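Heads up: the structure comes next, in structure tokens.
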Amino acid sequence: KNEVEQSPQNLTAQEGEFITINCSYSVGISALHWLQQHPGGGIVSLFMLSSGKKKHGRLIATINIQEKHSSLHITASHPRDSAVYICAVRAYGGSQGNLIFGKGTKLSVKP
Amino acid sequence: EPEVTQTPSHQVTQMGQEVILRCVPISNHLYFYWYRQILGQKVEFLVSFYNNEISEKSEIFDDQFSVERPDGSNFTLKIRSTKLEDSAMYFCASSVTRLRNEQYFGPGTRLTVT
């Protein structure tokens, strides 16, 4: 049973394109994280959100708690955005550590 | 900018050997975590640690695993007798508070058990 589902699994885009990665979850949550995993394996936290929308540079994350859905958008994509993007949720009532991870979306941006 | 560090970056060990993976969390953070990612699979939670004790652990974190904060700066994960299936990337993370803050991840230690 996958509590966190991401789509698409793989995504190839041309530089400059607008990218959307989706995350759906089946449990009640208190927070959702978007993470970026570099080709070397390291993980960077992009956003933590529990409602609405957050923006950082060319990245925008939105969440709809009622629909149990979040999206990560990348505007004006660039080859350096190529990475695996991971959605992770903290189940409502769970400790902050018990994040439940999606399988990730592998993004490749071609020049 | 402060960051979480982990050593070593890559550890190769023989089955049955003990390994200790080390992490230095960000200095003002109070909550510490270990995760693992088996190659090609999703990241999985292992354990969280606060105030010198385990606050939560997953089913994966059995008696072969232990964590410690030996000296106020390092946070270690010990695997007593490694198995082939322990081969994975192990990530340490830390956060200021339990609920309101993001977790900062270290670069990971790739453990290979032969």
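Reminder, nothing fancy here: chain letters follow the sequence lines and each chain counts from 1. Please read all numbers here as calculations on a predicted model, not as lab measurements.
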Practice task
Tell me whether B/Phe91 is reachable from B/Val47 by hopping between hydrophobic residues (I, L, V, M, F, W, Y) whose side-chain heavy atoms are closer than 4.5 Å.
Solution key: no
Exercise for the section: Measure the CD-CZ distance between A/Gln37 and B/Phe105 for me, rounded to the nearest 0.5 Å. Expected result: 9.5 Å
Problem - Residue B/Tyr104 versus chain A: region with a heavy atom under 4.5 Å - result: neither
Practice task
For atom CZ of B/Arg69, decide whether the heavy atoms of other residues, nucleotides or ligands shown that lie under 6.0 angstrom number more than 12.
Solution key: yes
Exercise for the section: Against chain B, label A/Leu35 side chain, backbone, both or neither, depending on which of its atoms sit under 4.5 Å from a heavy atom there. Expected result: side chain
Residues 47-59 of chain A side chain polar contacts: donor-acceptor under 3.5 Å, at least two apart:
from: A/Lys54; atom 1: NZ; to: A/Met48; atom 2: O; distance (Å): 2.6
from: A/Lys55; atom 1: NZ; to: A/Gly57; atom 2: O; distance (Å): 3.0
from: A/Arg58; atom 1: NH1; to: A/Thr75; atom 2: O; distance (Å): 3.1
from: A/Arg58; atom 1: NH1; to: A/Ala76; atom 2: O; distance (Å): 3.1
from: A/Arg58; atom 1: NH1; to: A/Asp81; atom 2: OD2; distance (Å): 2.9
from: A/Arg58; atom 1: NH2; to: A/Asp81; atom 2: OD1; distance (Å): 2.8
from: A/Arg58; atom 1: NH2; to: A/Asp81; atom 2: OD2; distance (Å): 3.3

Problem - A/Trp34: ring pair (Phe, Tyr, Trp, His ring centres under 6.0 Å) partners, not counting sequence neighbours - result: none
Exercise for the section: Please say whether more than 12 non-hydrogen atoms of neighbouring residues, nucleotides or ligands are located less than 6.0 Å from CG in B/Leu39. Expected result: no
Practice task
Report yes if the side chains of B/Gln103 and A/Leu99 come closer than 4.5 Å at any heavy-atom pair, otherwise no.
Solution key: yes
Practice task
Under 4.5 Å heavy-atom distance to chain A, tell me which part of B/Gln37 shows up: side chain, backbone, both or neither.
Solution key: side chain
